[in-house]
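Protein chains get the first letters and strands the later ones, always in sequence-line order, with residue 1 at the start of each. These numbers were taken from a predicted model, which means no experiment stands behind them.
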Amino acid sequence: MPESETPQLDELEKGPWPSFVKEIKKTAKTKAAGKDLLRQLERSYTDGVTHWKHGGVVGVKGYGSGVIGRYSDSPEEFPGVAHFHTFRVNEPSAWFYNTKALRTVCDIWDKYGSGLTNLHGATGDLILLGTVGENIQPCFDELISAGWDLGGSAAVLRTISCCVGPARCDNACIDTLDLCYDLTQTYQNYIHRPHWAYKFKIKISGCPNDAAASIGRSDLSIIGVWRDALRIDQDAVREYVNNGFDINKVVVSKCPTEALEWDEKEKKLILRDEDCVRCLHCINRMPKALRVGKDRGARLMIGGKAPLIKGPRLGWCVIPFMKMEPPYTELKEFLEKVWDWWDENARTRERVGELIERLGVKEFLKAVDLEPTPEMVFQPRDNTFIF
Amino acid sequence: MAETDIGPPNYKDMLPPIIKKNYFQWKSHEILRPGVYKHTAESGDEIFTVRAGSPRLLAVDTIRDICDIADKYCDGFLRFTSRHNVEFMLTDESKIEALSAEIGQKLGFPVGGTGKTISNIHHTQGWIHCHTPATDASGIVKAVMDELQDYFTEEKLPAKLRISLACCTNMCGAIHCSDIAIVGIHTRPPHNIDDKNFATWCETPTTMASCPTGAIKRNAETNSVRIQEDKCMYCGNCYTVCAAMPIADKEADGIAIFVGGKLSNSISPPRLSRLAIPFIPNNPPRWPEVVDAVRNIVEVYAKHARQDERMVDWIDRVGWPAFFKLTGIPFTEKHIDDFIGASATMRTTTQVRP
């Protein structure tokens with residue numbers, strides 16, 4: 001048997017967790033890209049550095065984003081991945097698919113690309129990983145004829161993503177799927193053509209559990225909440241307790257604002273709604289007895305981002321409650337004000353959270369027509385430099 | 001040419017009939033066992049979800065196999081999660097066993113990742129497709145999950161534990177709010193600045209402005225730039241805007257581990273992860289030092305945290321000195337912030353555990 005060209009990667013075929021090396025090898029049987037991707041990756045494992053060249057501008061007609069240019073730094077050695085460009089295909093809301101649609105993407109990608117994908121990329125897109133320059137336009141044409149479009153890359157509104165929401169979750173306070181689809185359709189131009197100094201991300205979660213990870217990684221994070229009191233089914237609560245559930249230890253004592261009390265005599269869970277901060281812990285632990293309220297909307301959190309350049313940020317509560325119903329006019333008006341101000345003032349590669357910090361929350365609030373409220377801060381300032 | 005700017009397919013075409021029927025009408029849920037959810041609607045309808053971990057990087061043939069299973073059991077519908085898991089949804093509870101078995105046999109994917117487990121590791125491209133990484137992504141994820149797969153398939157933890165990996169500080173995976181964040185870092189300033197190509201590839205003002213610490217100066221002699229090395233914090237932002245500033249380096253690139261981040265608002269507010277281990281050298285193909293470090297943190301947490309305490313809730317209760325003591329991780333000058341959070345992280349109280 002001939003000696004393997006990729007002994008280090010072969011090592012990663014072993015072990016119980018599904019192996020990405022096996023996936024690449026599946027395509028390597030029929031495609032040069034897969035074979036040379038393995039060989040180049042093996043070289044990176046030896047050299048301890050990447051072998052992809054810096055950047056590269058590629059694209060499809062009429063768009064300025066959605067395709068990532070990628071070139072090998074050793075094309076003679078790895079000709080199969082000399083060009084290895086990637087499509088970001090905008091995923092359907094909450095990553096639901098019917099198999100017919102998904103198979104269509106597979107067939108198109110088999111025809112024009114490496115046959116390798118990511119389900120899904122970090123922004124949420126369905127990633128088609130690796131093709132050559134001349135295949136980009138025909139592949140795109142076929143994708144769009146089949147009903148698929150590209151997501152965002154570079155200084156654009158990035159592909160929007162959302163949690164499973166009302167499709168299959170009892171905590172959903174807003175229609176995450178519809179809102180994601182509506183915003184995506186409304187702002188196609190912002191997704192496909194760079195307008196701004198940097199990227200802008202929107203992610204949507206149906207409840208404060210934030211399964212879309214929006215507060216940490218989106219410039220505008222939309223998180224569903226309710227305004228009226230959470231709903232308590234006292235019979236179902238008693239059933240938990242009668243089955244040995246330690247309600248005081250697991251739920252009451254963990255409530256961050258002491259808003260709950262278990263009346264042992266009356267066998268009743270008492271809620272002081274004015275103290276409830278909608279953290280969702282009690283609902284998470286007793287989903288058969290407790291439910292989110294009926295008067296629902298969203299909190300808008302602004303400025304979340306990863307560490308580059310001035311450290312990581314979590315989004316802060318810019319609008320404590322907004323109703324979230326189609327056609328989402330209030331939200332869109334707010335978004336457009338944010339974009340106008342950011343576009344006018346941002347330096348290259350400055351995210352909106354960093355701009356707010358540089359120019360001041362006061363300036364930002366003025367620009368987007370918002371009055372300051374105590375819900376925006378943990379506490380007021382501690383210095384005297386007020387005016 | 002076909003019409004453009006059509007956007008993604010309408011999600012309504014992607015939803016199974018039972019979901020369309022009960023949209024916004026789900027009443028409660030329970031986890032039947034790790035990886036298997038049951039959701040009940042107001043109508044009394046029930047849907048059963050079987051969640052399986054994937055390697056994220058999938059060949060189209062594997063996706064076709066996934067589709068075959070969805071066709072056979074789930075009326076041709078399926079979904080994926082934000083953490084690279086695939087979910088098969090059933091209306092017939094009696095098919096859970098057969099479906100789970102087929103996922104194992106045909107795909108080799110483990111079923112799990114719900115409740116108090118370690119779900120799939122959210123991660124980036126690494127050496128497979130990225131031009132700025134300080135480490136690989138898929139290889140480390142595979143090595144760590146091989147070691148921790150039991151925590152995916154069994155509920156063995158006080159609370160859920162989320163591990164994520166980004167292969168550089170650019171952090172396209174935005175992993176900075178994870179219970180355990182594995183991040184590729186550079187530890188040497190850009191070297192071998194390509195003076196010859198600088199003028200063609202880069203703009204001097206943009207390159208200088210890209211540096212958060214002002215470490216990049218004009219170099220009139222070479223018609224390029226130079227770096228004041230004692231100011232550089234190795235973020236790599238300059239390389240992102242200017243290809244003539246390569247920063248990747250075999251010896252100096254490696255992994256840092258951050259802990260105690262969370263995104264959920266449950267009990268305590270969302271938090272950013274904080275530095276636990278400043279540097280572990282890259283050691284492919286299996287990064288054993290990284291795997292050991294992650295396993296150690298997971299095991300210490302699992303042993304000491306109380307029920308429902310996320311990593312950070314446990315650390316808040318016992319204190320960071322106890323975290324470092326119990327994990328045996330040395331606390332160094334690198335752990336003390338000298339960047340944005342410099343003063344806010346210092347302990348301004350006499351309250352310290354004995």
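Ion pairing of Arg291(A) with Glu42(B) is present here, as a side-chain N (NZ or NE/NH1/NH2) and a carboxylate O approach within less than 4.0 Å. A salt bridge links Arg103(A) to Asp71(B): one of the charged nitrogens lies within less than 4.0 Å of a carboxylate oxygen. Ionic pairing of Lys250(B) and Asp47(A) is not present here: no N-O contact between side-chain nitrogen and carboxylate oxygen is shorter than 4.0 angstrom.
Distance alone, capped at 3.5 Å, places no donor-acceptor pair between the Asn209(A) side chain and the Ser264(B) backbone. In this structure, Asn265(B) contributes its side chain and Pro208(A) its backbone to a donor-acceptor pair below 3.5 Å. The closest donor-acceptor contact from the side chain of Ser266(B) to the backbone of Leu280(A) lies at 3.5 Å or more, if one exists at all.
Contact tally against chain B (heavy-atom pairs below 4.5 Å) for Leu9(A), Asp210(A), Ile144(A): the top residue is Ile144(A). Of the listed residues (Phe24(B), Phe77(B), Phe339(B)), the greatest number of heavy-atom pairs within a distance under 4.5 Å of chain A belongs to Phe24(B). If you tally non-hydrogen atom pairs under 4.5 Å between each of Cys106(A), Ala146(A), Gly121(A), Pro256(A) and chain B, the highest count goes to Cys106(A). Contact tally against chain B (heavy-atom pairs below 4.5 Å) for Gly165(A), Gly48(A), Pro18(A): the top residue is Pro18(A). No other option in Ile127(A), Leu129(A), Leu126(A) has as many heavy-atom pairs under 4.5 Å with chain B as Leu129(A). Counting heavy-atom pairs closer than 4.5 Å to chain B, the top-ranked of the candidates Asp175(A), Thr348(A), Asn284(A) is Asp175(A).
Interface remark: Pro246(B) contributes no atoms to any contact with chain A (heavy atom separation under 4.5 Å). Looking at Phe109(B), both its backbone and its side chain come within 4.5 Å of chain A, counting heavy atoms on both sides. At a 4.5 Å heavy-atom cutoff, the contact between His176(B) and chain A is made by side-chain atoms alone. Residue Asp75(B) does not touch chain A at all, counting heavy-atom pairs closer than 4.5 Å. Of the atoms belonging to Thr240(B), heavy atoms from both backbone and side chain fall under 4.5 Å from chain A. Residue Arg162(B) does not touch chain A at all, counting heavy-atom pairs closer than 4.5 Å. Only the side chain of Gln125(B) comes within contact range of chain A, with at least one heavy atom under 4.5 Å from a heavy atom of that chain. Only the side chain of Glu30(B) comes within contact range of chain A, with heavy atoms under 4.5 Å apart. Interface remark: Thr184(A) contributes side-chain atoms only to the contact with chain B (heavy atom separation under 4.5 Å). For Cys235(B), the parts sitting under 4.5 Å from any heavy atom of chain A are the backbone and the side chain alike. Using a 4.5 Å cut-off between heavy atoms, Asn10(B) touches chain A through backbone and side chain atoms alike. Contacts of His39(B) with chain A are made by side-chain atoms alone, with heavy-atom separations under 4.5 Å and no backbone atom involved. Only the side chain of Asp136(B) comes within less than 4.5 Å of a heavy atom in chain A; its backbone stays farther off. In this structure, the portions of Ile128(B) lying under 4.5 Å from any heavy atom of chain A include both its backbone and its side chain. At a 4.5 Å heavy-atom cutoff, Thr40(B) makes no contact with chain A through either its backbone or its side chain.
For the 3.5 Å distance criterion, the side chains of Ser19(A) and Lys142(B) fail to qualify, holding no donor opposite an acceptor. Remark: the Ser210(B) side chain and the Arg349(A) side chain contain no N/O donor-acceptor pair separated by less than 3.5 Å. Residues Asp5(B) and Gln185(A) have side chains that never bring a donor and an acceptor to within less than 3.5 angstrom of each other. His129(B) and Thr86(A) form a side-chain donor-acceptor contact under 3.5 Å, judged by distance and modelled atom types alone.
Partners of Arg64(B) by salt bridge (Lys or Arg N to Asp or Glu O under 4.0 Å), not counting sequence neighbours, listed by chain and number: Asp107(A), Asp110(A), Asp61(B). Partners of Ala289(A) according to the side-chain contact (heavy atoms from CB on, under 4.5 Å) rule, which considers only residues two or more places apart in sequence or in another chain, are Ala236(A), Val237(A), Tyr240(A), Met286(A).
Tyr97(A) contributes atom OH, which lies 6.5 Å from atom CZ of Phe80(B) (distance to the nearest 0.5 angstrom).
Less than 6.0 angstrom separates the ring centroid of Trp287(B) from the ring centroid of Tyr45(A).
Taking a 6.0 Å sphere around CZ of Arg278(A), one finds it holds more than 12 heavy atoms contributed by other residues, nucleotides or ligands.
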